Colleague: 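Sharing a structure below in structure tokens format, with a few things to ask.
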Amino acid sequence: MITDLLQAAVLDALTALDVDPIPESVSLERPANRDHGDWSTNVALATAKKAGRNPRELGSQLVEHLSANLPDGVAAVEIAGPGFVNFRLDNSWLGETIAATTAAGVETFGRSTQPIPTKVIVEFVSANPTGPLHAGHARGACYGDALARLYEAVGFDVLREFYVNDRGVQMQTYAKSLLARKNGEEPEEDGYKGQYIIDWAQHMPDGLSIDEALEWGYEYAIADQTEVLGQLGIHFDLWFSERSMVETGAIEASLAELRERGVVYDNDGAVWLRSTDYGDDKDRVLVRSDGDYTYILPDIAYHRDKFNRADRLVNVWGADHHGYIPRMKAAMEATGHDPAALSIPITQMVRLMRGDQEVKLSKRTGEIIELRELVDEIGADATRFLYLLQSVETPQTFDLQLAASKAMENPVYYVQMAHARLRSIQNKVSEAGIERQPLEAVDFSVLGHERELELLRQLQQYGDIVAIAAREQSPHKVINWLRDFAAAVHGFYHDCYVMGEDIDPTLTQARLWLVEATRVGLVSGLNLVGVSAPDSM
RNA sequence: GCCCUCGUAGCUCAGUUGGAUAGAGCGACCGCCUCCUAAGCGGUAGGCCACAGGUUCGAUUCCUGUCGAGGGCGCCA
């Protein structure tokens, strides 16, 4: 890697200049402004004070030393600003980047080649099995799956899990509501009143008992949720049943363990977790005075189970659950687990708009918009891409009109069109009877157009972007890269013709390889966010 | 009242462990098709990075406070 080379060269120079102390690491970054070269280090600024030197002066000395001993691939070293040292590369990296990218291919480009022996469980969606998924679940669904893909890309061993709250009063209520509708009656006061209950009840067999209705409704809801998630290309490795932990005794085992650790106590006939000892603002009831569990005890049991199977846990929760993070972390600490091994990204709320108009309810049912309606209206690719468009930490405004638009103003079409154009070039060239020659036979020194350089610069950055996106749990960074990269593709497409009367065959070959490398990058990025790369549009 | 998240262009949002002149898309205005899809490309205008302090060579970024927005504070899940 060029960065290793540069770091070593800078450290050598610092030693030669008797800088003391020598910094532990030399940070290299890509300057935002291209006039500042290809790579830049602030090492002179960072070390000057400790070493009792003037930053700008130290920088100049570094430049002098480095210029006299130019590292391979470096064309020039310059001093700038308060003491930045900037590196300008020669053009040898162009061909190298193309070769590396195409050799890696879409499956491995930008991804870690070495598996990390760490098991990560990403739990997301985890909606109640009492109805269809609605639009509010979409952000967590798209985010959770993209996060899982990112973790896989950097080498983790990843499991996707859906925690099914199939125990508790809501299941009874759900079953009663189904039965009521089956009999043509209104559900009781606090029952489920949605249109979907009426629709689903019609499919339910006659004469079911409440337990049978519960089982039937449970299966039906899970099947429905699985289907719509499948439309989005989201599949879970495990649908973990809360109820199963009653049967296996896992819940009682967890409670016994908590008692053993002395972190629970009895009061008012209930069993309490002493969570205030671990940073929570209140102690929490684990077992109610009527003997039933609150949600938190099964939750603890579930996390205990997960920690037995994995090293790191990631729970994707909606903003309405953020208040539960402290108690969950407290519970983990109380059970002897490292709270830092559990991370809980929160997805902020989404406002659905149709143009200027806020969309609160479904036109069809007059109720909360189902995820299925959303996917039917705008498609799976747009749903995934647009929900990932921005950081989940910030509330999102989602415009359905824009999402359904088949014009370039729609970011997902803009990016997919970039891929279609690359394919189009390849097809045209192929139709003209031109074959891409072996890499070794191609002269990449003919490349150098600003559009070409921009594509290659972005390809070079992609691996870093993936690593940062995974580390920061921010798939939207991949989306941003894709948008920038697509812009570079459209610019190249516009200004740099691959084939034509006035295009030298040597240039055609070099650009043909560049097109393929670019395509690999684009497809790899789209795969990471679960969006398709169509060959034509 | 307490807790969490957030506040950047007219709108929707980026901003990579604190770096150089804060970016992109949309909208507005102005250009570019004899040529692999103009479903595109280029340019111009548009900013007190909510506000006030602090930390330091340097703060949109870190800390504190104020104001504003959203969410949460059950023996519901």
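In what follows, every heavy atom counts, from backbone to side chain, and hydrogens, waters and symmetry copies are set aside. None of the values given here were measured: they were computed from a predicted structure. Below, read A as the first sequence line, B as the second, and so on, with proteins coming before strands; counting in each chain starts at 1.
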Colleague: Just checking A:Lys477: base, sugar-phosphate only, or nothing, at a heavy-atom cut-off of under 4.0 Å?
Modeller: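 The answer is sugar-phosphate, as A:Lys477 gets under 4.0 Å only of primed atoms, P, OP1 or OP2.
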
Colleague: Over all strands shown, is A:Ala270 touching base, sugar-phosphate only, or nothing at heavy-atom distances under 4.0 angstrom?
Modeller: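 Base: the residue A:Ala270, judged by heavy atoms under 4.0 Å, touches a nucleobase.
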
Colleague: Determine: side-chain N/O of A:Lys428 to OP1/OP2 of B:U37, distance under 4.0 Å, yes or no.
Modeller: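 So the side chain of A:Lys428 is within the cut-off, an N or O lying under 4.0 Å from OP1 or OP2 of B:U37.
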
Colleague: Between B:A20 and B:C49, how far apart are the P atoms? Round to whole Å, please.
Modeller: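 Taking atom P in both B:C49 and B:A20, they lie 15 Å apart.
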
Colleague: Classify A:Asp502 by what it touches in the nucleic acid, base, sugar-phosphate, or nothing, heavy-atom distance under 4.0 Å.
Modeller: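 No contact.
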
Colleague: Under 6.0 Å between ring centres: does that hold for A:Phe124 and A:Phe162?
Modeller: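 No, the ring of A:Phe124 stays outside the 6.0 Å limit from the ring of A:Phe162, centre to centre.
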
Colleague: Select base, sugar-phosphate, or nothing to describe what A:Asp166 touches, counting heavy atoms under 4.0 Å on all strands.
Modeller: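 Counting heavy atoms under 4.0 Å across all strands, no contact is made by A:Asp166.
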
Colleague: Between B:U56 and B:C62, how far is it from one C1' atom to the other, in whole Å?
Modeller: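 About 11 Å, rounded to a whole number of Å.
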
Colleague: Measure from CG on A:Leu482 to C1' on B:C13 and round the result to the nearest Å.
Modeller: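 Between C1' of B:C13 and CG of A:Leu482: 16 Å.
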
Colleague: Mind checking the P distance from B:G68 to B:G74? Whole angstroms is fine.
Modeller: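 One P to the other, the span is 25 Å.
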
Colleague: Any idea which heavy atoms bring A:Gly318 and A:Ile346 closest together, and the distance?
Modeller: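 Distance-wise, the nearest heavy atoms are O-CD1, 3.7 Å.
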
Colleague: Can A:Arg354 be said to sit on top of A:Phe398's aromatic six-ring, NZ or CZ under 6.0 Å from centre and within 45° of the ring axis?
Modeller: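 No.
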
Colleague: Between A:Gln416 (CD) and B:A39 (P), how many Å, whole number?
Modeller: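 Atom-to-atom, A:Gln416 to B:A39, this comes out as 17 Å.
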
Colleague: Quick one: the side chain of A:Ser40 and the base of B:A20, do they pair up donor-acceptor inside 3.5 Å?
Modeller: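 Donor-acceptor pair under 3.5 Å: yes.
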
Colleague: Does the B:A77 base have a donor-acceptor partner in the side chain of A:Tyr324 within less than 3.5 Å?
Modeller: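 Looking at the base of B:A77, it does pair with a donor or acceptor on the side chain of A:Tyr324 (distance under 3.5 Å).
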
Colleague: What's the CG-P distance between A:Asn267 and B:C75, to the nearest Å?
Modeller: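 Result: 12 Å.
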
Colleague: Would you say the side chain of A:Asp320 and the base of B:G72 hold a donor-acceptor pair, judged only by whether the two atoms sit under 3.5 Å apart?
Modeller: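 In this structure, the two groups form no donor-acceptor pair.
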
Colleague: To the nearest Å, how far apart are A:Glu393 CD and B:U60 C1'?
Modeller: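 Checked: the CD to C1' distance equals 15 Å.
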
Colleague: Report which part of the nucleic acid A:Glu501 touches: base, sugar-phosphate, or nothing (heavy-atom distance under 4.0 Å, all strands).
Modeller: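 Nothing, no heavy atom under 4.0 Å.
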
Colleague: Does the side chain of A:Val350 come within less than 4.5 Å of A:Tyr387's, by heavy atoms?
Modeller: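 A side-chain contact exists here, since the closest heavy-atom pair is under 4.5 Å.
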
Colleague: In whole Å, what is the span from the CD atom of A:Glu409 to the P atom of B:G25?
Modeller: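 Computing the A:Glu409:CD to B:G25:P distance gives 14 Å.
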
Colleague: Rounding to an integer number of angstrom, what distance separates B:C2 and B:U8 when you compare their C1' atoms?
Modeller: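 Per the computed distance, 29 Å lies between those C1' atoms.
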
Colleague: Less than 4.0 angstrom from a charged side-chain N to a carboxylate O is my criterion; do A:Asp283 and A:Arg274 meet it?
Modeller: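 Looking at A:Asp283 and A:Arg274, the cut-off is not met.
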
Colleague: May I ask you to verify if any side-chain N or O of A:Arg288 is less than 4.0 angstrom from the OP1 or OP2 atom of B:C76?
Modeller: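 Yes, because at least one side-chain N or O of A:Arg288 sits under 4.0 Å from OP1 or OP2 of B:C76.
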
Colleague: Indicate, with a heavy-atom threshold strictly under 4.0 Å, whether A:Arg56 touches base, sugar-phosphate, or nothing.
Modeller: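 Nothing, no nucleic acid heavy atom in range.
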
Colleague: Tell me whether the NZ or CZ atom of A:Arg421 lies within the 45° cone about the ring axis of A:Tyr493 and under 6.0 Å from its centre.
Modeller: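 Yes, A:Arg421 sits over the ring of A:Tyr493.
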
Colleague: Compare the aromatic ring of A:Tyr413 with the six-membered base ring of B:A39 and state whether they stack according to the 5.5 Å and 30° rule.
Modeller: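 No, A:Tyr413 does not stack on the base of B:A39.
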
Colleague: Rounding to the closest angstrom, what is the interatomic distance between B:G15 and B:G7 at atom P?
Modeller: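 The answer is 10 Å between these two P atoms.
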
Colleague: How many Å lie between NE2 on A:His494 and C1' on B:C36, as a whole number?
Modeller: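 Taking NE2 of A:His494 and C1' of B:C36, I get 13 Å after rounding.
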
Colleague: Nearest whole Å is fine: how far is B:A77 C1' from A:Tyr295 OH?
Modeller: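 Those two atoms, OH and C1', are 8 Å apart.
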
Colleague: Please report the C-alpha distance between A:Val515 and A:Phe492 in whole Å, then the side-chain angles of each, then the deciding distance to 0.1 Å, and finally whether the side-chain contact (heavy atoms from CB on, under 4.5 Å) criterion is met.
Modeller: CA-CA 9 Å; A:Val515 164; A:Phe492 169 80; 3.8 Å; yes

Colleague: Assuming nearest nucleotide by heavy-atom distance, tell me which of A:Ile346 and A:Ser536 is located more 5' along RNA chain B.
Modeller: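 Nearest nucleotide further toward 5': that of A:Ile346.
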
Colleague: Would a 4.5 Å heavy-atom cut-off, applied to side chains only, mark A:Arg284 and A:Thr294 as touching?
Modeller: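 No - every pair of side-chain heavy atoms lies 4.5 Å or more apart.
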
Colleague: Between B:G72 and A:His321, is there a base-stacking contact, meaning the centre of the base's six-membered ring lies under 5.5 Å from the residue's ring centre while the planes stay under 30° apart?
Modeller: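 Stacking is absent between B:G72 and A:His321, given that the ring centres and planes do not meet under 5.5 Å and under 30°.
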
Colleague: Would you indicate, yes or no, if B:C3 has its OP1 or OP2 atom less than 4.0 angstrom from a side-chain nitrogen or oxygen of A:Lys282?
Modeller: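 Result: no.
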
Colleague: Looking at B:A38, I'd like to know if its phosphate oxygens (OP1 or OP2) sit under 4.0 Å from a side-chain N or O belonging to A:Arg421.
Modeller: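 Yes, A:Arg421 has a side-chain N/O under 4.0 Å of OP1/OP2 on B:A38.
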
Colleague: Counting just side-chain N and O atoms, does A:Thr397 come under 4.0 Å of either OP1 or OP2 of B:C13?
Modeller: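 The answer is yes; a side-chain N or O of A:Thr397 sits under 4.0 Å from OP1 or OP2.
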
Colleague: If we take the P atom in both B:C76 and B:U17, what is their distance in whole Å?
Modeller: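 About 45 Å, rounded to a whole number of Å.
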
Colleague: Between P on B:U16 and CD1 on A:Ile465, what's the gap in Å once rounded to a whole number?
Modeller: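 So the CD1-P distance, A:Ile465 to B:U16, works out to 10 Å.
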
Colleague: Map A:His476 and A:Glu242 onto RNA chain B by nearest heavy atom, then report which one ends up closer to the 5' terminus.
Modeller: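 Comparing both residues, the 5'-ward one is A:His476.
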
Colleague: Among B:C36, B:A20, B:C75, which is the nearest nucleotide to the side chain of A:Tyr497?
Modeller: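 Given the options B:C36, B:A20, B:C75, the side chain of A:Tyr497 is closest to B:C36.
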
Colleague: Stems involving RNA chain B: give each as a range paired with a range, ordered by first number, where a stem means at least three consecutive Watson-Crick or G-U wobble pairs under 3.5 Å.
Modeller: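 In RNA chain B, stems of three or more pairs: B:1-7 with B:67-73, B:10-13 with B:23-26, B:28-32 with B:40-44, B:50-54 with B:62-66.
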
Colleague: Side-chain N or O of A:Tyr174 versus OP1/OP2 of B:A77: is the shortest distance under 4.0 Å?
Modeller: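 Answer is no, no contact under 4.0 Å.
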
Colleague: Using the six-membered base ring of B:C36, report whether A:Tyr493 stacks on it, requiring centroids under 5.5 Å and planes under 30° apart.
Modeller: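 So A:Tyr493 counts as stacking on the base.
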
Colleague: Would you sort out whether A:Tyr143 and A:His476 count as a ring pair (Phe, Tyr, Trp, His ring centres under 6.0 Å), showing the intermediate values?
Modeller: CA-CA 9 Å; A:Tyr143 175 77; A:His476 76 276; 9.1 Å; no

Colleague: How is A:Phe398 classified with respect to the nucleic acid when contacts are heavy atoms under 4.0 Å: base, sugar-phosphate, or nothing?
Modeller: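 No contact.
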
Colleague: Report yes if some heavy atom in the side chain of A:Ser524 is under 4.5 Å from a heavy atom in the side chain of A:Tyr462; otherwise report no.
Modeller: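 With C-beta onward as the side chain, the pair touches.
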
Colleague: Have A:Ser275 and A:Asp280 got a donor and an acceptor in their side chains that come within less than 3.5 Å?
Modeller: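 Result is yes, a qualifying pair exists.
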
Colleague: Remember a base hit wins even if backbone is also touched, and classify A:Asn42 as base, sugar-phosphate or nothing at under 4.0 Å, heavy atoms.
Modeller: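 The residue A:Asn42 makes base contact.
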
Colleague: Between the base of B:G72 and the side chain of A:His322, is there any donor-acceptor pair under 3.5 Å?
Modeller: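 Result: no qualifying N/O pair found.
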
Colleague: Using a cut-off of 4.0 Å on non-hydrogen atoms, how would the nucleic acid contact of A:Pro82 be classed: base, sugar-phosphate, or nothing?
Modeller: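 A:Pro82: no heavy atom of the nucleic acid under 4.0 Å.
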
Colleague: For A:His490, which contact category applies under a 4.0 Å heavy-atom criterion: base, sugar-phosphate, or nothing?
Modeller: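 It contacts sugar-phosphate atoms only.
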
Colleague: Got a donor-acceptor pair under 3.5 Å from the side chain of A:Ser424 to the base of B:C36?
Modeller: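 By the distance-only test, no, there is no pair.
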
Colleague: Using the C1' atom as the reference point in each nucleotide, state the distance between B:A50 and B:G27 in Å, no decimals.
Modeller: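 It works out to 24 Å between them.
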
Colleague: Which heavy atom of A:Tyr324 sits nearest to which heavy atom of A:Asp320, and what is that distance?
Modeller: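 Answer, listing the atom of A:Tyr324 first, then A:Asp320: CE1-O, 3.6 Å.
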
Colleague: Is the distance from OP1 or OP2 of B:U12 to the nearest side-chain N or O of A:Arg483 less than 4.0 Å?
Modeller: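 For B:U12, OP1/OP2 do not have a side-chain N/O of A:Arg483 under 4.0 Å.
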
Colleague: Could you work out the separation of B:C36 and B:G31 based on their C1' atoms and round it to a whole Å?
Modeller: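 It comes out at 24 Å once rounded to the nearest Å.
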
